[in-house]
Protein chains: 2
Amino acid sequence: MTTIPNTTRSTRQRGEVLALLRDTDSSHSAQQLHQMLRERGAKVGLTTVYRTLQLLVDAGEADSTRLPGGEQLFRLCGGTHHHHLVCRRCGKTVEVAGPAVEKWADRVAAEHGFTDVGHTIEIFGHCTDCA
Amino acid sequence: MTTIPNTTRSTRQRGEVLALLRDTDSSHSAQQLHQMLRERGAKVGLTTVYRTLQLLVDAGEADSTRLPGGEQLFRLCGGTHHHHLVCRRCGKTVEVAGPAVEKWADRVAAEHGFTDVGHTIEIFGHCTDCA
DNA sequence: ATAATTACTGGAAACGATTACCGTTCCGGT
DNA sequence: ACCGGAACGGTAATCGTTTCCAGTAATTAT
């Protein structure tokens, strides 16, 4: 029986992860973040990094995008619905809004009788620095 | 030194995979396809299924979409650029075109100086049968 | 046809990212 | 300070996928 916690505690590790995320405007994998934490001298286990990231995603404070290769990248982001423009090389990320696209997706789905509709829209490329 | 083949051979296994793909209009994972082949009595190794699917994707005869969970789904598809509306439950897939969305993606990327631009657009939902 | 060449096959082992386990640590309310 | 349970973190397991490599079979050359 999986027990569901009813409180969320503030720990040093969660603070370190959050602080690190606030110091960057790029998307990074959990493993990259773990390595970066180690480099700045913050001792946080890889497992905890994953857990914290998932927590943030669930709380809507961060979101994740998946590279074509399958690995997940994370970053903090605002609460409003948006999508991302991500540099394939360095991970630099720009939030973009596309109200028209949202509507298009919903309309297309509705036309085919689909319900509980969601969508995945990511734009990849090389940023000016990496081109 | 990796030797690159300069011919492509037609084998029973590749025929079986292709035949199976032609019998469905849904997206399936490599493992599902492998299982389906086994059920119809076609002996094809899982490795070969993966290899053949990748071959088809490279040749532009099939394409793959990635579920939020990370696993790859495959299906045959036409050569023109398009996106997919996929049922999360049964995999039923509809090809959809969105010229306006393509242009939007390219324009947004260009505005931020990104080059070599590509995008990922998938719509998920539950089809009429699975709702 | 037959032989020589080389792509293909497939089971097992390796892989990389992520998750589960579980004993230990430590946050937070009393 | 005490206690209960949330969180930690190292290790082992899982999952989808790829690599290895020795055996098989499709093509090409003789």
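The basis for the numbers below is simple: all heavy atoms, side chains too, and nothing from hydrogens, waters or symmetry mates. First the proteins, then the strands, lettered A, B, ... as listed; each starts at 1.
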- B:Phe74 atom CZ is separated from D:dG16 atom C1', nearest whole Å, by 10 Å
- Item | Nearest-Å distance for atom pair NZ/C1', residues B:Lys43 and C:dC8 | 15 Å
- With a 3.5 Å cut-off and just heavy-atom distances, do the side chain of A:Arg51 and the base of D:dG9 make a donor-acceptor pair? yes
- Message: Below the 4.0 Å mark, does D:dA7 have OP1 or OP2 next to a side-chain nitrogen or oxygen of A:Thr48?
- Response: no
- Message: Rounding to an integer number of Å, can you tell me how far A:Leu46 CG sits from C:dT18 P?
- Response: 9 Å
- Task: Please check the phosphate of D:dA7 (OP1 and OP2 only) for any side-chain N or O of A:Gln13 closer than 4.0 Å.
- Result: no
- Query: CZ of B:Arg12: more than 12 outside heavy atoms within 6.0 angstrom?
  - Reply: yes
- Note on the structure: note: B:Gln35, atom CD; D:dT17, atom P; distance rounded to Å ~ 15 Å
- Note on the structure: Checking A:Ser27, A:Ser64, A:Ser29 against A:Gln72 for side chain to side chain donor-acceptor pair (under 3.5 Å), the one that qualifies is A:Ser64
- Taking only N and O in the side chain of B:Arg14, is any of them less than 4.0 Å away from OP1 or OP2 of C:dC8? yes
- Step by step, work out the side chain to side chain donor-acceptor pair (under 3.5 Å) result for B:Thr120 and A:Glu122. CA-CA 5 Å; B:Thr120 300; A:Glu122 311 285 353; over 6 Å; no
- Is the phosphate of C:dT19, meaning OP1 or OP2, less than 4.0 Å from a side-chain N or O of A:Tyr50? no
- Item | B:Val44, nearest nucleotide to its side chain (from C:dG10, C:dT19, D:dG9) | C:dG10
- Any idea which of D:dA6, D:dT19, C:dT19 is nearest the B:Thr47 side chain? D:dT19
- Item | Along DNA chain C (nearest heavy atom to each residue), the more 5'-positioned of B:Gly45 and A:Ala30 | B:Gly45
- OP1 or OP2 of C:dA7 sitting under 4.0 Å from any side-chain N/O of B:Thr11? no
- Item | Of B:Thr7 and B:Gly70, the one whose closest DNA chain D nucleotide lies more 5' | B:Gly70
- Query: Is there a donor on the side chain of B:Arg9 or the base of C:dT6 sitting less than 3.5 Å from an acceptor on the other?
  - Reply: yes
- For A:Arg89 and A:Cys130, indicate whether the former's side chain and the latter's backbone hold a donor-acceptor pair under 3.5 Å. yes
- Write down the distance between CD (B:Glu16) and P (C:dC8), rounded to a whole number of angstrom. 17 Å
- Query: Angle class for the B:His83/A:Trp104 ring planes (parallel below 30°, perpendicular above 60°, tilted otherwise)?
  - Reply: perpendicular
- Message: Measure NE2/A:His34 against C1'/D:dG9 and give the value in whole Å, please.
- Response: 9 Å
- Message: Using heavy-atom distances to pick each residue's nearest nucleotide on DNA chain C, tell me which of A:Arg66 and B:Arg12 is more 5'.
- Response: B:Arg12
- Item | Distance, rounded to the nearest Å, where B:Glu71 contributes CD and D:dT18 contributes P | 13 Å
- Round to the nearest Å and state the distance from B:Gln54 atom CD to C:dC8 atom C1'. 16 Å
- What does B:Ser29 touch in the nucleic acid at a heavy-atom separation under 4.0 angstrom: a base, only the sugar-phosphate, or nothing? nothing
- Query: Going through the checks in order, is the salt bridge (charged side-chain N to carboxylate O under 4.0 Å, His left out) test met by B:Arg75 and B:Glu95?
  - Reply: CA-CA 11 Å; B:Arg75 71 184 301 277; B:Glu95 290 189 9; 3.1 Å; yes
- B:Asn6 side chain, from C-beta outward: closest of C:dG10, C:dA7, D:dG16: C:dA7
- Examine C:dT18: is either OP1 or OP2 under 4.0 Å from a nitrogen or oxygen in the side chain of A:Gln72? Give yes or no. yes
